[in-house]
**Q** 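The structure follows.
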2 protein chains.
Amino acid sequence: MKRDSRLSGVLHLLLHLAQQDGPVTSDVLAQVMDTNPVVIRRILAGLRERGYVRSEKGHGGGWTLGSDLAKVTLRDVYLALGSPTLLAMGNRTEAPGCLVEQAVNAALGSSFDAAEALLLARFGEVTLARLHADVVRRMKAGGVRQLGKAHR
Amino acid sequence: MKRDSRLSGVLHLLLHLAQQDGPVTSDVLAQVMDTNPVVIRRILAGLRERGYVRSEKGHGGGWTLGSDLAKVTLRDVYLALGSPTLLAMGNRTEAPGCLVEQAVNAALGSSFDAAEALLLARFGEVTLARLHADVVRRMKAGGVRQLGKAHR
DNA sequence: CTTCATGTAACATCATAAGTGGCATGAAGC
DNA sequence: GCTTCATGCCACTTATGATGTTACATGAAG
């Protein structure tokens, strides 16, 4: 199964935006992420609806942050993406008539639910501000290297 | 992302085998699972290597359980399937040069790891015997219904 | 009114689980 | 021996969803 990397990608985008003054175009972000501008717009569309980012058209346009990084958690970002599937596995059928399958579903399902709950809880504990602070810390630790240069 | 239901499926198969005296053919199991015999063989192949099931060719052949249900956990079964991907999400890249991505990976990765560890731990706590006991309990609770009849 | 940038639809690509057909292998029954 | 039944396995197809790409409309700045 192909792994969904949108959450990873969008966080990357947000943190890069956090280190830019003005708007950044989808084109630039696409180069940084080594992908297509349309993919960028697609990913950021959900965040725009919630006000986490803003977009402007025309000259000098592009993407800017739209809210306080301290008030947005990874969970918020995840939800803004449309709550994509977290687990790669699932029960074969829901609401089966077979008693065996019911027992299997009950056993697996409770574990699946627990794992999803754990993920969401941990996502809820981490704010973008904390991630940003971590980036700054890493920059200092490794010497103030310019960002965006080490992308390839 | 398409969800992997092999673990769910194989548990279903094992519990059905547990309630049969003699060998059960892939054909019969396929009907029970509403799928193709080849799929059954493919799923059970890994379990055979570890001795959890045995297969016999020819007349009167088919699949039988190969070990004590109390000694096999869901984790064992999961491993026998080849440890398929548990999470539908992942980091965009591993070992990135970009500091931002490193920070993102660290934050997400620890959560991903925790969720996977939780799943494996819970799988390790559940034996097939316990699942089987649960099936029996459900049968008594709902009247002794014949298994395999409520499959479609 | 030209240029730049987003917004969006439509389509192509790619990976993987699942489904299917065909054929070889081996065991039981005649 | 030989037929039948069942697994073992390979190659191919199908289905699904993330991702990549092209094309065109919209709107803002110069």
Side-chain angles (χ1 to χ4, degrees), chain A residues 1-10 12-13 17 20 22-49 52-64 66 78 81-93, chain B residues 1-10 12-13 17 20 22-49 52-64 66 78 81-93:
Chain A
M1 171 174 308
K2 196 178 232 175
R3 266 175 141 175
D4 183 349
S5 64
R6 275 176 294 178
L7 182 56
S8 171
V10 76
H12 194 159
L13 292 177
L17 285 182
Q20 301 294 330
V24 185
T25 67
S26 304
D27 255 315
V28 170
L29 291 175
Q31 286 172 13
V32 169
M33 301 276 291
D34 191 28
T35 181
N36 194 288
V38 177
V39 176
I40 304 294
R41 299 190 187 111
R42 199 147 58 195
I43 291 180
L44 288 181
L47 301 213
R48 184 184 50 225
E49 290 175 11
Y52 302 152
V53 295
R54 276 191 281 264
S55 62
E56 294 294 333
K57 291 183 177 178
H59 280 274
W63 299 87
T64 48
Y78 167 77
L81 287 178
S83 309
T85 309
L86 289 172
L87 300 184
M89 316 189 58
N91 285 323
R92 224 170 52 87
T93 60
Chain B
M1 173 170 304
K2 193 179 233 173
R3 267 177 142 175
D4 184 350
S5 65
R6 275 176 294 179
L7 181 57
S8 171
V10 75
H12 194 160
L13 292 177
L17 285 182
Q20 303 292 331
V24 185
T25 67
S26 303
D27 255 315
V28 170
L29 291 175
Q31 286 172 14
V32 168
M33 301 276 290
D34 190 29
T35 181
N36 194 287
V38 177
V39 176
I40 304 293
R41 297 190 188 112
R42 200 146 56 192
I43 291 181
L44 288 181
L47 301 213
R48 183 184 50 226
E49 289 175 12
Y52 303 151
V53 295
R54 275 191 281 265
S55 62
E56 294 294 333
K57 293 181 176 179
H59 281 274
W63 299 87
T64 49
Y78 167 76
L81 287 178
S83 309
T85 309
L86 289 171
L87 300 183
M89 315 189 59
N91 284 324
R92 223 170 53 88
T93 59

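So you know, we letter chains A, B, ... as the sequences are listed, proteins then strands, and number each from 1. Bear in mind that the values here come from a model prediction, so they are computed numbers and not experimental data.
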**Q** CG/B/Leu29 to OG1/B/Thr35 distance, rounded to the nearest 0.5 angstrom?
**A**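 Output value for this atom pair is 11.0 Å.
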
**Q** May I ask you to evaluate whether A/Thr35 reaches the phosphate of D/dG20, defined as a side-chain N or O under 4.0 Å from OP1 or OP2?
**A**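 So the side-chain polar atoms of A/Thr35 do come within 4.0 Å of the phosphate oxygens OP1 or OP2 of D/dG20, strictly under.
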
**Q** For a side-chain contact (heavy atoms from CB on, under 4.5 Å) check, start with the C-alpha distance between B/Leu17 and B/Val24, then their side-chain angles and the critical distance, and finish with the verdict.
**A** CA-CA 7 Å; B/Leu17 285 182; B/Val24 185; 3.7 Å; yes

**Q** Heavy atoms only, 4.0 Å cut-off, all strands: where does A/Gly62 land among base, sugar-phosphate and nothing?
**A**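 Touches sugar-phosphate only.
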
**Q** Report the distance from atom CG of A/Asp4 to atom CG of B/Leu87, rounding to the nearest 0.5 Å.
**A**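 Rounded to the nearest 0.5 Å, the CG-CG separation comes to 11.5 Å.
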
**Q** Using whole Å, what does the distance between atom C1' of nucleotide D/dA18 and atom CG of A/Leu86 come to?
**A**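 For the pair A/Leu86 CG and D/dA18 C1', the rounded distance is 15 Å.
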
**Q** Would you say A/Ser55 reaches C/dT6's phosphate, i.e. side-chain N/O to OP1/OP2 under 4.0 Å?
**A**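 No, A/Ser55 has no side-chain N/O under 4.0 Å of OP1/OP2 on C/dT6.
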
**Q** May I have the distance from B/Asp27 (atom CG) to D/dT4 (atom P), rounded to whole angstrom?
**A**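 Rounded to whole Å, this separation is 17 Å.
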
**Q** In this structure, how many angstroms lie between the C1' atom of D/dG8 and the CZ atom of B/Arg54, rounded?
**A**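 B/Arg54 atom CZ is separated from D/dG8 atom C1' by 18 Å.
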
**Q** Measure across A/Arg3 and B/Met89 and return the closest heavy-atom pair with its distance rounded to 0.1 Å.
**A**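 Result for this residue pair: NE-O, 3.3 Å.
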
**Q** Given the rule in the side-chain contact (heavy atoms from CB on, under 4.5 Å) test, do B/Trp63 and B/Leu13 qualify, once you have shown the distances and angles that lead to the verdict?
**A** CA-CA 10 Å; B/Trp63 299 87; B/Leu13 292 177; over 6 Å; no

**Q** May I have the distance from A/Asp4 (atom CG) to D/dG20 (atom P), rounded to whole angstrom?
**A**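 Computing the A/Asp4:CG to D/dG20:P distance gives 11 Å.
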
**Q** Take A/Val53 and A/Thr64 through the side-chain contact (heavy atoms from CB on, under 4.5 Å) test and state the conclusion after the steps.
**A** CA-CA 6 Å; A/Val53 295; A/Thr64 48; over 6 Å; no

**Q** Quick check on D/dA18: is either OP1 or OP2 less than 4.0 Å from any side-chain nitrogen or oxygen of A/Ser5?
**A**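 No, A/Ser5 has no side-chain N/O under 4.0 Å of OP1/OP2 on D/dA18.
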
**Q** Could you state the atom-to-atom distance from CZ of A/Arg92 to P of C/dA17 in whole Å?
**A**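 Atom CZ in A/Arg92 sits about 17 Å away from atom P in C/dA17.
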
**Q** Short of 4.0 Å, heavy atom to strand atom, which residues of residues 38-48 of chain A count as contacting DNA chain C?
**A**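 The answer is A/Val38, A/Arg41, A/Arg42, A/Arg48.
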
**Q** Taking all non-hydrogen atoms of both residues into account, name the closest pair between B/Gly9 and B/Met33 and its distance.
**A**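 Closest approach of B/Gly9 to B/Met33, heavy atoms only: O-CE, 3.4 Å.
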
**Q** To the nearest 10 degrees, what angle separates the axes at the start and end of the helix from C/dC1-D/dG30 to C/dC30-D/dG1, five pairs each?
**A**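 The helix from C/dC1-D/dG30 to C/dC30-D/dG1 shows an end-to-end axis angle of 10°.
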
**Q** With the side chain of A/His59 defined as its heavy atoms from C-beta on, choose the nearest nucleotide among D/dA28, D/dT7, C/dA27.
**A**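 Of the options given, the side chain of A/His59 lies nearest D/dA28.
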
**Q** Determine all donor-acceptor pairs shorter than 3.5 Å in which one atom belongs to a side chain in residues 36-45 of chain B; sequence neighbours excluded.
**A**
{"unit_1": "B/Asn36", "atom_1": "OD1", "unit_2": "B/Val38", "atom_2": "N", "d": "3.0"}
{"unit_1": "B/Arg41", "atom_1": "NE", "unit_2": "B/Ser26", "atom_2": "OG", "d": "3.4"}

**Q** Check the distance between D/dC9's C1' and B/Lys57's NZ and give it to me in whole angstrom.
**A**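 Rounded to the whole Å, the gap is 10 Å.
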
**Q** So which one's nearest nucleotide on DNA chain C is more toward 5', A/Gly60 or B/Asn36?
**A**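 Counting from the 5' end, the first nearest nucleotide belongs to A/Gly60.
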
**Q** Closest heavy-atom contact between B/Ser8 and A/Arg92?
**A**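 So the two residues come closest at OG-N, 2.9 Å.
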
**Q** Can you tell me the distance, in whole Å, between the CG atom of B/Asp34 and the C1' atom of C/dT20?
**A**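 Distance, rounded to whole Å: 14 Å.
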
**Q** I need the minimum non-hydrogen distance between B/Gly60 and B/Pro23, along with the two atoms involved.
**A**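 Result for this residue pair: O-CG, 3.3 Å.
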
**Q** D/dT7 phosphate, OP1 or OP2: any side-chain N/O from B/Ser26 under 4.0 angstrom?
**A**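 It does, given that an N or O in the side chain of B/Ser26 lies less than 4.0 Å from OP1 or OP2 of D/dT7.
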
**Q** Round to a whole Å and report the spacing from CG of B/Leu13 to P of D/dT7.
**A**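 Distance check: B/Leu13 CG to D/dT7 P gives 12 Å.
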
